[in-house]
Each structure stands twice: as C-alpha cells, then as structure tokens.
Amino acid sequence: MQFDLVTIFPGFFEGIFAHGIVRRALREGLVTVEARDLREYAHDRHRTVDDRPFGGGEGMVLKPEPLAEALEALGIRSREQGSEIRDLGTRVILLSAQGQVFTQAVARELAGLERLVLICGRYEGVDERINELYCDMEISIGDYVLSGGELAAAVVVDATMRLIPGVLGNEASGEFESFGAADAEIDVDVEGVPRSQHGAGGLLDYPQYTRPAEFCGLRVPEVLLNGDHAQIRRWRREQQLRKTLQNRPELLDKAALSAEDIRMIEAMRRQ
Ligand code: SAM
C-alpha cells in the first residue's frame with residue numbers, strides 16, 4: 001500500500017515511521033510512505049502557501065493553488081476534470097478537526113485500498129475548495145484541535161498500515177485487540193461465553209499481565225496462572241465487558257454481545 005503525505009513539514013515524518021512494526025513494513029516493501037513538500041508547488045519568491053481568510057478573522061489559510069498542483073503532481077484529478085477517471089483503489093483524505101471521526105472500522109476500510117493521499121492542514125486550515133474538488137473523505141482523529149494535520153496523518157498511517165495483511169506477524173492479531181470486528185457469528189460455549197476472543201466485537205481489550213507474578217504486593221489474577229483455558233477465556237471476556245462498561249459504555253450499544261454477555265453487564269451495573 002502506498003501513502004502520500006502533502007505537508008509543509010516533510011521533515012516531521014523522518015523519525016516517526018522509523019520504529020517497530022512500521023519500520024519493518026517499510027523495509028520489507030509492504031508499504032511505502034512519501035512526504036511531499038507543499039512549498040515545492042508555490043512559485044513566488046517566498047514560496048507562499050497561505051493567505052488571509054476571506055471574510056476576516058484570525059490566522060491564515062492554506063491556499064488552493066499549491067495544494068491543487070501538489071495533488072495533480074501525484075496524479076490526482078479534480079472532480080471538475082471528471083471524477084470517473086479516479087482510481088478506485090485511491091482515497092484522498094483531508095485531515096481536519098471538522099471531519100468524520102477516525103475509528104478502527106475506518107482504518108479497516110482504508111487498509112483494503114491501494115493508496116491513500118493525506119493532506120495535512122496548518123494554520124486555520126485548508127481552502128474548502130480543495131476539499132470539494134479533490135477529497136473523498138475528511139477525517140478527524142478526535143474531538144480536539146491540533147496545530148497541524150501531520151500528527152493526525154501519522155496516526156491514520158500507523159493504524160491503517162498495521163491492518164494490511166503481512167504487516168503484523170500474526171494475521172489475526174489486529175482482530176484480537178480493542179475495537180476488533182465481530183466474528184461472523186458469535187459461537188458460544190455451554191455457559192454462553194463466546195468461544196474465541198478473535199472478534200472483540202467492538203469491545204475494549206482485556207487487561208494484560210506478564211512476569212513477575214507479584215509486583216509491589218499486587219498478584220496477577222489467579223485464573224491466568226492455572227492453565228484452564230475455558231476459565232481464562234471467560235475471565236477475559238468479563239474483563240472486556242467491565243473495561244468497556246467503565247471507560248466507554250457507549251461502545252456496548254454497537255458491540256456484538258451474546259445473551260451471557262448481556263447478563264454479565266447487567267450484573268456489573270447492579271454492583
Ligand atoms: N480552524 C480549524 C478548526 O477549528 O476546525 C482548526 C485548524 S488546526 C489549527 C490546523 C490543522 O490541523 C487542520 O487544518 C487539520 O489539518 C489539523 N487538525 C487539527 N485538529 C485535527 C483533528 N482533530 N484531526 C485531524 N486533523 C486535525
């Protein structure tokens with residue numbers, strides 16, 4: 001998969017992808033990431049990429065011409081020129097606090113594509129006509145305002161990349177985690193607990209422990225030490241439900257839950 005980033009700070013990305021799984025994916029050629037300097041497409045003496053907002057107000061806005069030229073140089077055509085020539089495997093994304101919120105489900109959708117072009121805004125944002133003419137999606141990474149789209153783009157690249165087949169060692173591990181998709185059908189054991197944690201079903205992950213078994217007077221939950229896999233599975237499911245209820249109760253509305261899950265949640269609510 002190919003990621004193209006349009007930014008006024010290409011150097012921002014030099015270190016950020018030089019670690020861990022992302023670095024390995026880049027080395028192995030599973031993905032490519034290229035940062036394009038927007039100023040290369042500004043032709044005045046000062047390589048100006050911003051201007052004052054029409055209508056007045058604070059700050060500056062990224063001008064449309066250099067952005068359009070940068071996108072055209074990447075082979076992206078504007079809707080005006082006919083969106084039908086757009087490659088179906090490509091999405092042009094504007095990072096923006098005004099966008100739809102980036103979730104694991106969006107990351108899964110993007111990971112199925114061949115190429116993402118990510119536009120990093122700065123100042124007060126990007127001239128809206130770039131959004132109208134070139135962008136397929138406007139993505140926000142959360143309900144707060146960053147000083148630039150670079151961090152947001154790095155988040156989208158990282159979360160998307162690790163879902164591309166071959167990037168994580170174990171193909172299933174992307175689904176074992178928080179927000180993992182549901183299994184096609186919830187297969188439950190005799191006690192009504194889902195048989196696998198393969199599909200987190202939109203729940204948060206369960207807590208993890210490693211050695212030593214005792215740390216600062218706190219022991220690892222006994223169930224994790226006894227080797228009874230059915231009990232461990234049941235405990236982990238309960239913990240997933242508990243964490244989700246505690247920290248992100250709204251996720252339960254859309255989660256894939258068994259009848260036993262619902263019973264456990266009701267019991268937790270009564271506690
Ligand atoms: N005036 C804009 C607003 O209130 O929506 C904020 C502009 S912000 C200071 C500058 C740039 O940072 C934006 O153009 C966008 O690219 C990026 N940005 C800020 N917050 C973001 C978020 N939550 N998600 C994605 N990008 C964000």
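Read the numbers this way: they start at 1 and go in the same order the structure lists the ligands and their atoms.
The contact shell of ligand 1, taken as protein residues with any non-hydrogen atom closer than 4.0 angstrom, comprises Leu95, Ser96, Ala97, Gln98, Gly121, Arg122, Tyr123, Glu124, Gly125, Ile139, Ser140, Ile141, Gly142, Tyr144, Val145, Leu146, Ser147, Gly148, Gly149, Ala152.
A salt bridge is absent between Glu260 and Arg237: the closest approach of a Lys/Arg side-chain nitrogen to an acidic carboxylate oxygen does not fall below 4.0 angstrom.
Judged by distance alone, the side chains of Gln239 and Arg234 never bring a donor and an acceptor atom under 3.5 Å apart. Under the 3.5 Å distance criterion, with hydrogens and angles disregarded, no donor-acceptor pair is assigned to the side chains of Tyr123 and Glu58.
Here the side chain of Ser178 pairs a donor or acceptor atom with the backbone of Asp205 at under 3.5 angstrom. Thr244 places a side-chain N or O within 3.5 Å of a backbone atom of Leu204 that can act as its donor or acceptor partner.
Distance check, rounded to the nearest 0.5 Å: CD of Glu65 to CD1 of Ile130 gives 8.5 Å.
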